[in-house]
Asker: 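Take a look at the following structure, please.
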Amino acid sequence: MLLIIRFIIVVLYSILVCVFGSIYCLFSPRNPRHVATFGHLFARLSTVFGLKVEIRKPSGAENFGNAIYIANHQNNYDMVTASYIVQPTTVTVGKKSLLWIPFFGQLYWLTGNLLIDRNNRAKAHGTIAQVVQQIRERNISIWMFPEGTRSRGRGLLPFKAGAFHAALAAGVPVIPICVSNTSNKIKLNRWCNGLVIVEMLPPVDTSNFGKDQVRELSAHCRQLMEEKIRALDEEVALREAGKVTSEKNVQR
């Protein structure tokens, strides 16, 4: 019964946000500030799924400037966990096929996100140049999932190089976003599905890496994220077992 109620609430809420959001965005289409606005609205569904999401940011995160944000990509629940930490004027890079999802696809494009054709290698190869151009011309940050696909409980997958090529070419830092494990955590017929921690790490200064050190930059960022995600998972396990409490600011 709880599953059915949740399904109805999520569908109705999502349609309302997409329809009214698309109308709202028509007054300033492709404005990158819309992405954070509507990302935060979708993140409110975390309560519907019985999740307590805790957001952590470094001091002064709002003044970091343009960057490439990279996050671990676990499953569809990323939309109600990681999206809460999306910063203003940050847009995401998604598959072109997203445009054809009823209601959501139209909002995704109108909010200013970038769409790429992953099935066309020639066009996909030009994505790096497009990302760099967008950062410079629109004065924005870009959110990317360097794993390239959902991990679905397999841990942090190997990183693709695109995000790091773009960061080096644009001369902007890489900012890792780490989300504690949500794989097999959420049971739709269970009222409370526990704690998820989303933490933004300090910017990685790409000026310390040459244009030919993409692999080194990628490996460095992946190691930082792997260690942090492991630490977050351990903390969540202890807190859910009632062994520790957090003094961090809980935003959701």
Side-chain angles (χ1 to χ4, degrees), residues 21 25 30-43 46 53 55-58 61-96 98-99 104-105 107-116 118 124 127-151 156-157 159-179 182 196 198-204 206 217-218 221-222 224-225 228-229:
C25 289
R30 308 286 293 161
N31 184 332
R33 289 191 172 275
H34 294 326
V35 177
T37 299
F38 291 99
H40 297 170
L41 283 176
F42 277 110
S46 60
V53 180
I55 305 300
R56 299 176 181 175
K57 303 177 190 176
E62 63 279 1
N63 300 316
F64 282 164
N66 296 344
I68 298 287
Y69 290 89
I70 58 172
N72 53 316
H73 195 13
Q74 300 183 68
N75 45 50
N76 290 336
Y77 292 112
D78 293 339
M79 187 171 222
V80 299
T81 55
S83 60
Y84 223 125
I85 208 168
V86 175
Q87 301 297 287
T89 69
T90 299
V91 305
T92 68
V93 177
K95 297 182 293 184
K96 199 172 183 178
L98 289 174
L99 186 60
F104 177 78
L107 179 64
Y108 188 84
W109 184 81
L110 282 168
T111 49
N113 292 297
L114 304 181
L115 294 168
I116 62 170
R118 288 184 180 171
T127 299
I128 296 171
Q130 183 184 359
V131 166
V132 173
Q133 181 182 13
Q134 292 287 318
I135 291 173
R136 291 172 176 169
E137 291 183 356
R138 298 173 64 194
N139 192 30
I140 59 175
S141 296
I142 305 290
W143 178 295
M144 303 179 77
F145 292 111
E147 294 165 282
T149 188
R150 300 172 184 84
S151 59
L156 194 63
L157 301 179
F159 283 0
K160 298 183 183 298
F164 308 99
H165 275 295
L168 289 171
V172 298
V174 175
I175 301 180
I177 304 291
C178 300
V179 184
T182 58
V196 176
V198 182
E199 182 165 345
M200 178 189 298
L201 302 188
V204 175
T206 56
L217 176 59
S218 172
C221 291
R222 189 178 185 281
L224 289 175
M225 291 180 66
K228 175 54 67 173
I229 292 168

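Here, residue 1 is the first one in the sequence, and each next residue gets the next number. All heavy atoms count here, side chains included; hydrogens, waters and symmetry mates do not.
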Asker: Between Gln87 and Glu62, which heavy-atom pair has the shortest distance, and what is it?
Answerer: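 Of all heavy-atom pairs spanning Gln87 and Glu62, the closest is OE1-CA, 4.3 Å.
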Asker: I want to check something: taking the side chain as every heavy atom from C-beta on, are Leu217 and Phe159 in contact at a cut-off of under 4.5 Å?
Answerer: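 Leu217 does not reach Phe159 side chain to side chain.
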Asker: Answer yes or no: is there a side-chain heavy-atom contact under 4.5 Å between Met79 and Phe104?
Answerer: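 Result yes, sub-4.5 Å side-chain heavy-atom pair found.
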Asker: For Ser151 and Asn72, what are the C-alpha separation, side-chain angles and deciding distance, and is it a side chain to side chain donor-acceptor pair (under 3.5 Å)?
Answerer: CA-CA 8 Å; Ser151 59; Asn72 53 316; over 6 Å; no
Asker: Would you indicate whether the side-chain heavy atoms of Val93 and Asn113 approach each other to under 4.5 Å?
Answerer: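 No - every pair of side-chain heavy atoms lies 4.5 Å or more apart.
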Asker: With a 4.5 Å limit on heavy-atom distance, are the side chains of Thr90 and Tyr69 in contact?
Answerer: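 Of all side-chain heavy-atom pairs linking Tyr69 with Thr90, at least one is under 4.5 Å.
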Asker: Closest approach of Pro32 and Arg138, non-hydrogen atoms and distance?
Answerer: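 So the two residues come closest at CD-NH2, 3.8 Å.
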Asker: Between CD1 of Ile177 and OH of Tyr84, what distance do you get to the nearest 0.5 Å?
Answerer: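 Rounded to the nearest 0.5 Å, the CD1-OH separation comes out at 15.5 Å.
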Asker: Looking only at atom types and distance, does a side-chain atom of Tyr108 sit under 3.5 Å from a main-chain N or O of Gly94, one as donor and one as acceptor?
Answerer: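 Yes.
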Asker: CZ of Arg222 to CG of Leu157: how many Å apart, nearest 0.5 Å?
Answerer: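 If I round to the nearest 0.5 Å, the distance is 7.5 Å.
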Asker: Should Leu110 and His34 count as side-chain neighbours, where that means a heavy-atom distance under 4.5 Å?
Answerer: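 With C-beta onward as the side chain, the pair stays apart.
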Asker: Do Phe164 and Ile70 come within less than 4.5 Å of each other through their side chains, counting heavy atoms only?
Answerer: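 Side chain of Phe164 against side chain of Ile70, heavy atoms only: contact under 4.5 Å found.
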Asker: Please determine, by modelled atom types, if Thr89 and Asn139 share a side-chain donor-acceptor pair under 3.5 angstrom.
Answerer: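 Asn139 and Thr89 do not have a side-chain donor-acceptor pair below 3.5 Å.
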Asker: Indicate the atoms forming the closest heavy-atom contact of Thr206 with Gly171, along with that distance.
Answerer: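 So the two residues come closest at OG1-C, 4.3 Å.
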Asker: Say you draw a straight line from CD1 of Ile85 to CE of Met200; how long is it, rounded to the nearest 0.5 Å?
Answerer: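 Spacing of CD1 (Ile85) from CE (Met200) equals 4.5 Å.
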Asker: Gly39 and Ser83: which non-hydrogen atoms are nearest, and at how many Å?
Answerer: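 Scanning both residues completely, I find the closest heavy atoms to be O-OG, 3.2 Å.
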Asker: Say you draw a straight line from CD of Gln74 to CD1 of Ile229; how long is it, rounded to the nearest 0.5 Å?
Answerer: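 Result: 7.0 Å between the selected atoms.
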Asker: Which heavy atom of Pro202 sits nearest to which heavy atom of Pro58, and what is that distance?
Answerer: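 Where Pro202 meets Pro58 most closely, the heavy atoms are N-CG, 3.9 Å.
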Asker: Kindly say whether Ala67 contributes a backbone atom to a donor-acceptor pair with the side chain of Ser141 at under 3.5 angstrom?
Answerer: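 It does hold such a pair.
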Asker: With sequence neighbours excluded, what pairs up with Arg150 under the salt bridge (Lys or Arg N to Asp or Glu O under 4.0 Å) test?
Answerer: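 Per chain and number, Arg150 pairs via salt bridge (Lys or Arg N to Asp or Glu O under 4.0 Å) with no residue.
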Asker: Just verifying a value: how many Å separate Thr111 OG1 and Arg30 CZ, rounded to the nearest 0.5 Å?
Answerer: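 It comes to 7.5 Å.
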Asker: Less than 4.5 Å apart, any side-chain heavy atom of Ile68 and any of Val131?
Answerer: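 Ile68 vs Val131: side chains touch.
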Asker: Measure the spacing between CZ of Arg56 and CG of Leu201 and express it to the nearest 0.5 Å.
Answerer: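 Answer rounded to 0.5 Å: 11.0 Å.
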Asker: Between Lys160 and Gly148, which heavy-atom pair has the shortest distance, and what is it?
Answerer: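 The answer is CE-CA, 4.0 Å.
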Asker: Can you find a pair of side-chain heavy atoms, one from Leu107 and one from Phe42, that are under 4.5 Å apart?
Answerer: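 SC-SC contact between Leu107 and Phe42 confirmed.
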